[in-house]
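Structure, as structure tokens:
Ligands are counted one by one from 1 in listed order, and the atoms in each one are counted from 1 as well. No experiment lies behind these values; they were computed from the predicted model shown.
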Amino acid sequence: MSKADLILRSARLIDGTGGPSLTGDLAVTDDRIAAMGDLTDWRAGIEIDAAGLALTPGFIDSHCHDDLALLQTPLLEPKISQGVTTVVNGNCGFSLAPNPPGRGPLPQPLASLVPDPALMFPDFAAYFARLRDEPAAVNSICLCGHTTLRHAAMDRFDRPATASEIATMRALLDIALDQGAAGMSTGLYYPPATAAPTEEVIEIGQVLRAHGGLYVTHMRNEADGVIDSVRETLRIGRDTGVPAIVSHHKCMNPQNHGKSAVTLAMIDAARAAGQDVGLDAYPYVAGSTFLFPDRVEQAARVIVTWSEAMPEMGGRDLSDIAADLGLSLPEAAKRLLPAGAIYFQMDESDLRRILRHPLTMIGSDGLVADPHPHPRAWGTFPRVLGHYARDESLFPLEEAVHRMTGLTAARFGLQDRGVLAPGAFADLVLFDPATIHDTASFAAPKHPATGLRGVWCNGRQTWTGHAATGLRPGRVLARIS
Ligand code: CU
Ligand code: ZN
């Protein structure tokens, strides 16, 4: 007879590879999967009858802004209640490091994500050390943000970086990668980086190659310029010689609906030509970011997620606020600044086409600290499993799980994660495939999903199905290329 700490019996084992599921048992000892299959002659201190339930690798949220949340709300209930066991941070150009001493106030919108510059870290070594001292309930990896690098090296952002500023950013990125950052992200859409030409990104990004780092981008334009932006992203990937990943891919505004057929064909052609490319998406036709008054009129609907000037407006439709104030939409938006918003600007067919693309990983892009967040912060993974895989038959459950586990682990070089296999880390999710369902809505976004029965990270249970256990077994993971 063999012994383990935990055995889940008779589960539908969905191993994260995308292959067909099998019914069997799974045993955990310490932080690893000890055995799988028929474990009738095994015993454990905790044995769970998982008949009728799906057991999968822990979900890896490929696109996160939980850099600060890991420290401020380390249980990260919005994520663990969805089955997330690993988050990928430092996206869209924004990371908490490096922020060398003596830099001035943070530029917007970085200042909205990081309310006090004292919350930044001089380098990734300091950030990761803090995360190891005060662990969260999830594992994390982190990209180094290009906007953060610009803040570290430049005194104004309305122009391209000079040669010496680029040299400074290259040196800082090199150190960040040495210290364990997984790559570089850009937010070329956002003001502190819009003036950065393609060449600036390439020159800095060339540092990535020697470290096996990734290039991950919130592209310059996801609306009228989306095709040009994909072209730019592919060029940056080619000229730096590293994998290029398009973040939260979408085509915004009615005149651009349908263009995902073109952008995905471009990605396919690049891949066929030997280029390493990837993308992620969240399962909603509305996005969420900062409130930009000049962009509110293009959206079908805008919901305010937070406002520093008028906090009481969080959760309300901008059109209602504008009517109450007797102002136009852009004027009302200006009154609320700085503020965040949800924008309804995408098309369901584009969303489905993107979700089904073979390279698409699931990433929430959730902003968990927002007072009235986009429901993706709480509902992304259950929505893909319940709504899109089960109810809409967009893809088989095994494929849905692959897009949030094995595919993402391989993309980010996370060894022994994202799969169920003896010897792999015991990051696990147990859920009922018949009932899993996202309950977070645009009206009431802070609600945990139903149908989850348990979540384990490194062999320790973080979520019971109803509540956090309080355990914080998360680790800082390094990318292995
Ligand atoms: Cu993002
Ligand atoms: Zn973004």
**Prompt:** Looking from the Zn ion (ligand 2), what is the angle between ND1 on His218 and NE2 on His248, to the nearest 10°?
**Reply:** 100°
**Message:** Parallel, tilted or perpendicular, judged at 30° and 60°: which one describes the rings of Phe290 and Trp306?
**Reply:** perpendicular
**Asked** Do the charged groups of Glu222 and Lys259 touch, with an N to O distance under 4.0 Å?
**Response** no
**Request:** Is it possible for you to check whether Arg130 lies under 6.0 Å from the centre of the six-membered ring of Tyr127, through NZ or CZ, and within 45° of that ring's axis?
**Result:** no
**Prompt:** Do the rings of Phe442 and Phe344 sit parallel, tilted or perpendicular, given the 30° and 60° boundaries?
**Reply:** tilted
**Prompt:** Relative to the Cu ion (ligand 1), which of the N, O or S atoms in Asp365 is the closest?
**Reply:** OD1
**Message:** Is Cys92 close enough to the Zn ion (ligand 2) that one of its N, O or S atoms comes in under 2.8 Å?
**Reply:** yes
**Asked** Does the gap between the ring centers of Phe292 and Tyr189 come in under 6.0 Å?
**Response** yes
**Message:** Using 2.8 Å as the threshold, say whether any N, O or S atom from His65 sits that close to the Cu ion (ligand 1).
**Reply:** yes
**Prompt:** Any Lys/Arg nitrogen of Asp350 or Arg353 sitting under 4.0 Å from an Asp/Glu carboxylate oxygen of the other?
**Reply:** yes
**Asked** Quick one: angle His63 NE2 - the Cu ion (ligand 1) - Cys92 SG, to the nearest 10°?
**Response** 100°
**Asked** Does His218 bring an N, O or S atom to within less than 2.8 Å of the Cu ion (ligand 1)?
**Response** no
**Item:** Short N/O/S contact of His248 with the Cu ion (ligand 1) (below 2.8 Å)
**Value:** no
